[in-house]
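Below is one structure, written out as structure tokens; comments come after it.
Every number for a ligand or one of its atoms is a count from 1 in the order of the listing. Everything quoted here is computed from the prediction, not taken from an experiment.
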Amino acid sequence: MTYASIKTVNCLHGPVDMKSLVLCLLAVACHGSTVKQQRRFPDDFLFGAATSAYQIEGAWNEDGKGENIWDRLVHTNPTVIQDLTTGDVAADSYHNYKRDVEMMRELGLNAYRFSISWARILPTGMANEINPAGVAYYNNLINEMVKYNITPMVTLYHWDLPQKLQDLGGLINPLFTEWYEDYARVVFENFGDRVKLFITFNEPSQICFEGFEYMNKAPLLNTFGVGVYLCAKHLVLAHARAYHLYNTEFKPTQGGQCGITISVNWFEADTDSAEDLMAAELMRQSQWGIYADPIFSAEGGLPRELLDRVAEKSAQQGFPRTRLSDFNEEEKAFIKGAADFFGVNHYTTVKVSATEHKQVYSVPSMLDDVNVGFYWPEENPKSASPWLSMAPNSIYHALTHLKEKYNNPKIYITENGWATYRNSSLIDNDRITYYRAAWESMLNTLDAGVNLKGYMVWSLLDNMEWLEGYIPCLGLYQVDYQDPARTRVARKSALVYKHLIKNRYIDYEYEPGNLTMTIDDGF
Ligand SMILES: CCCCCCCCCCCCC/C=C/[C@@H](O)[C@@H](N)CO[C@@H]1O[C@H](CO)[C@@H](O)[C@H](O)[C@H]1O
């Protein structure tokens, strides 16, 4: 629950003794409150920021790092990136990690979520060849954070598969589950003494749906309504293998937690009609239920309505069997409950209709299987990313739904942020408006009894926004990509977030006097 605190009591002046305090509180109670109650975040609520390896590190081929699928994509198919850029250098955090940690200290962060580049520590993806320079980079970063009491939250896979594994079929190959478990073991062995929060995968839907069907993420394949489902099942099985590995071999001595981060934007029915309510449910199942149900639901296994829909469509299309079969009973039991927390990346709300806003989808495909229309309400303020608009109380809607559906799991919001255009002002009042609305929705969520334990803004600094390149900026710190030093400068939103972290309540009147960021005592 949030904590109420008395923000202004206007009958106390000068030194306060107990008698005057009691009289004052009685006066307030008797004559109507002039006290403004502030909802506060709990003192142990984990405030942080998030990034990912490919989007910030650069050093794409330095110190023994292997090629990954984003390196291959940007070097062989450069025009798919809207501004024709690459992550070859990015924010150059590989060489600037100490400045990044300094920024975390300026913000007063409790935690920092970053990802490990699989190919930086295992250049071929296989665990028979470990790159010591890659391990050293992450040890240096973690040690610098721990030195300043910043809790590391580590994502093992944030979309940057080693190319050698993609050449073997990647997530479509059932052996991926073994390759991934072997990689996870190397991570737990090398970093688990200091890292106590592990995330196996970032956003399975963006990996499987956007990578193997929607062609919006590497490896940019359209595997006609089959690859997305193979990817989904192999990813969930790989997650469970890593979880059980950690739970049996590492948790007893390291005492950490292992979870998964799923993109949970809120999908809301366009009307209260039964058709639209089912359409929204099918969209939720296809975008995140297919990954969350097997792990977090009481019964386990894949979502029933989606299984039935794909079976029906497969039969109509002449397939001898369904394109999406459920896990077998042994797999269901192995996967169910295999997570210590539910990481949620949340940005926006999408309206869903059974009849309106429909597009022509390729057949077969998951979008055709689900066969619904979706849109972003015109009245919702738009950002610099077409899919990201500000929707009212969207965190509350998404997380209370997860609370009811999955019996109130421990949740960390592992990403939430707003996109502005490059060269837009450092006085980013639109981002501040978005964030304050998100934080208010989080307080509503806590008041609804959701087991929300932390929040990571996306992102600490501007970074490569995948196919959108460096056009949209989502950082609390602006990065000068014209400067070889990749200078970082705080935006106004960085000071507003710092104020929230320090005071634990949303002060709508707070206006920083300037944009100078300093490190407060003790950070
Ligand atoms: C744009 C894909 C449209 C797919 C059409 C069908 C699906 C219905 C609409 C789905 C919701 C819109 C897609 C939203 C995707 C975002 O949640 C995802 N891109 C967020 O990615 C994470 O956030 C950061 C900012 O985009 C990103 O930099 C980070 O790496 C990701 O973890």
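- If you look at Asn345 next to ligand 1, the close heavy atoms, those under 4.0 Å, all belong to the side chain.
- Of the candidates Glu203, Gln206, Gln287, Gln359, the one placing a heavy atom closest to atom 15 (C) of ligand 1 is Gln206.
- Judged by distance alone, with hydrogens and angles left aside, the side-chain atoms of Asn265 form a donor-acceptor pair with the main-chain N or O of Thr348 at under 3.5 Å.
- Using a cutoff of 4.0 Å between basic side-chain nitrogens and carboxylate oxygens, Glu57 and Arg120 are scored as salt-bridged.
- Counting heavy atoms closer than 4.0 Å to ligand 1, residue Asn216 contributes side-chain atoms (C-beta onward) but none from N, CA, C or O.
- Atoms of ligand 1 found under 4.0 Å from any heavy atom of Ser263, numbered from 1 in the order shown, are 17 (O).
- Note on Arg491 versus Asp462: salt bridge recorded, some NZ/NE/NH1/NH2 to OD/OE distance being below 4.0 Å.
- Below 3.5 Å of separation, one finds an N or O of Asn265 facing an N or O of ligand 1.
- If you check which protein heavy atom lies closest to atom 32 (O) of ligand 1, you get Glu415 OE2, 2.8 Å.
- Note: no N/O pair closer than 3.5 Å links Trp387 and ligand 1 by distance alone.
- The aromatic rings of Tyr112 and Phe114 sit parallel, their planes meeting at an angle under 30°, below the 60° perpendicular limit.
- With atom 10 (C) of ligand 1 as the reference point, the heavy atom nearest to it among Trp458, Phe267, Tyr54, Tyr375 is part of Phe267.
- Residue Tyr214 places no N or O, backbone or side chain, under 3.5 Å from any N or O of ligand 1.
- For the residue pair Tyr347 and Trp387, no side-chain donor N or O sits within less than 3.5 Å of a side-chain acceptor on the partner.
- Summarising the contacts of atom 11 (C) of ligand 1 with Thr155, Val264, Val350, Val352, the nearest heavy atom is found in Val350.
- Aromatic pair Tyr180/Phe201: ring centres closer than 6.0 Å.
- The six-membered or imidazole ring of Phe188 lies near that of Phe198, with a centre-to-centre distance under 6.0 Å.
- Applying the side chain to side chain contact (heavy atoms under 4.5 Å, CB included) criterion to Asn451, with sequence neighbours excluded, gives Asn408, Lys410, Lys453.
- Annotation: atom 6 (C) of ligand 1 to nearest protein heavy atom, Phe374 CZ, 3.5 Å.
- Polar contact with ligand 1: absent for Glu210 (N/O pair, distance under 3.5 Å).
- The contact set between ligand 1 and Met283, taken as ligand atoms under 4.0 Å from a residue heavy atom, comprises 8 (C).
- Counting only non-hydrogen atoms, the option in His346, Lys217, Glu468, Glu465 that gets closest to atom 27 (C) of ligand 1 is Glu465.
- Ser93 and Arg488 form a side-chain donor-acceptor contact under 3.5 Å, judged by distance and modelled atom types alone.
- Although no hydrogens or angles enter the test, the distance criterion places no donor-acceptor pair under 3.5 Å between the side chain of Gln206 and the main chain of Ser263.
- Close approach of ligand 1 to Asn202 is summarised as follows: ligand atoms under 4.0 Å from at least one heavy atom of the residue are 32 (O).
- Of the possible polar contacts, one joining the His346 side chain to the Val264 backbone as a donor-acceptor pair under 3.5 Å is found.
- Between Trp376 and ligand 1, not a single N/O pair is under 3.5 Å apart.
- Nearest protein neighbour of atom 24 (C) of ligand 1, counting heavy atoms only, is Tyr347 OH, 3.4 Å.
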